[in-house]
Structure formats: structure tokens, C-alpha cells
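Worth saying up front: this structure is predicted, and the values here are computed from it rather than measured.
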Amino acid sequence: MPFFDLQLRQLRLSPWMGWLAGLLLSTPATAFTLPDWPPALEWDHTLVQTSLYTRHFSPDPEHTNQQDLISIELHNPDRWLAGAAWFKNSFDQPSWYFYAGREFPLWQTDKGLNVRAKLTGGLLRGYQGEYRDKIPFNHLEIAPAVLPSIGVQWGRFESDLIVFGTAGMMISAGVRF
């Protein structure tokens, strides 16, 4: 039975993973070129976001889909960013994600709508006690995390679809300052 359950989970995940992989593979290679290293320590804008919707790919009665996320990101002109996010994890425990990353432009309209991918990596803290082993490499209750997302920006407003591993996804929205 566990093997059959694993196969069903893979079937449910494959449309999402296939869609994301297809989008990334159809992106021009120039979208992923990196500017000179190290990134400039210049401020371009700040993004403040909150979570709107969360869905777990394999729902569990213990899971909560109310994350109450609040995040702040500092962006430079070369699309590099650093941020911090506070949220309630899948088991209703207060959690933090401290991260850095980069945005990659994908598509832009003449009406000011920008579509972009974002990749962040950092440290995740908050899965504790009996839930400590629910995320990989969390032996000290601090784990590395990498989060890909796809998003849109229109004027000062942004929204992202964030995929958190094979566990689920979140839609967030925010405002640039």
C-alpha cells in the first residue's frame, strides 16, 4: 500500500512540476545571466508581502493552510534581494525564513506588466519538537531551504506563486516601496 500511495502522490505532483519545468526551459537563456559579482550594495526598492492562499499537495489532518505570512525584501537595481519572512508553518508553529536570492525577468508587456521567476535560498527555523523531522536537514531545528517562485509585477503591486518543495504551494501578494 505505501508504494501505491507514493505513486498516487507522484501523479498529483507531476502536472505542477511539469508546468514549472516547461516554463523554466522555455525561458531565454539571457534571463538567467548573472551580472558582475558581487552584487552592488544599492537599494532599489522594498517589497512587503503577505500570504493569500496555501495548498498542500498531500493534505494531512495536522496541516494548516493558514500561514499568516509577512515578509520584507530589500532589492538592488541588479535584481538581487535579501529578505526575512515570519509565518506559521504547516503545523501551526511560528517560523522564520532568512534568505537571499535573485529575480529573473521572463516577459514584459508595454502596459507595465512584468512576469518573472525568483529563486531564494536561506535558513528556515521553526519546525520543532515532534515536527522537527518533517523537513530535511533539520537536526538542529534550523534547516537550509531553496524556494522557487513565479510572479507578476504591475506598478507597485506584486504577486507570487511559491513552491515549497514537494509539500505544497503558496500565493502571496505585496506592495513595493
Query raised in the report: Tracing side-chain links under 4.5 Å among I, L, V, M, F, W and Y, which residues wind up in one group with Leu81?
Result: Leu69, Phe87, Phe91, Tyr97, Tyr99, Leu124, Tyr127, Tyr131, Ile135, Leu147, Ile162, Phe164, Met170
Query raised in the report: Does Arg176 come within less than 4.0 Å of Glu73, counting only side-chain N to carboxylate O?
Result: no
Report summary line: Minimal heavy-atom distance between Ser149 and Asp160, with the atoms involved, is OG-OD1, 3.7 Å
Report task. Mark yes or no for whether Arg102, through its side chain, and Asp78, through its backbone, hold a donor-acceptor pair below 3.5 Å. Result -> yes
Query raised in the report: Distance only, no hydrogens: is a donor on one side chain within 3.5 Å (strictly under) of an acceptor on the other, for Gln67 and Ser51?
Result: no
Query raised in the report: Any side-chain heavy atom of Arg156 within less than 4.5 Å of one from Trp154?
Result: no
Query raised in the report: Is it true that the side chains of Asn65 and Thr54 contain a donor and an acceptor less than 3.5 Å apart?
Result: no
Requested in this report: May I ask whether Val48 and Phe98 are part of the same hydrophobic cluster, defined by side-chain heavy atoms of I, L, V, M, F, W, Y residues being less than 4.5 angstrom apart, directly or through others?
Outcome: yes
Query raised in the report: With the 4.5 Å side-chain cut-off for hydrophobic clustering, are Ile150 and Phe157 part of the same group?
Result: no
Requested in this report: For residues Trp86 and Ser95, determine if any side-chain heavy atom of one lies less than 4.5 Å from a side-chain heavy atom of the other.
Outcome: no
Query raised in the report: Would a hydrophobic clustering, with Ile, Leu, Val, Met, Phe, Trp and Tyr connected at side-chain separations under 4.5 Å, put Leu47 with Ile72?
Result: no
Query - Main-chain N/O of His63 paired with Ser90 side-chain donor or acceptor, under 3.5 Å - result: no
**Report entry** Side-chain heavy atoms of Glu103 within contact of His75, under 4.5 Å
**Finding:** yes
Query - Same cluster (ILVMFWY, side-chain, under 4.5 Å), Ile142 and Trp96 - result: no
Query raised in the report: Can you tell me if Gln93 uses its side chain to pair, donor with acceptor, with the backbone of Gln128 under 3.5 Å?
Result: yes
Report summary line: Residues joined to Leu74 in its hydrophobic cluster, side chain to side chain under 4.5 Å directly or through other members, sorted by chain and number, are Trp43
Query - Common cluster, Val146/Leu123, ILVMFWY with side-chain heavy-atom separation under 4.5 Å - result: no
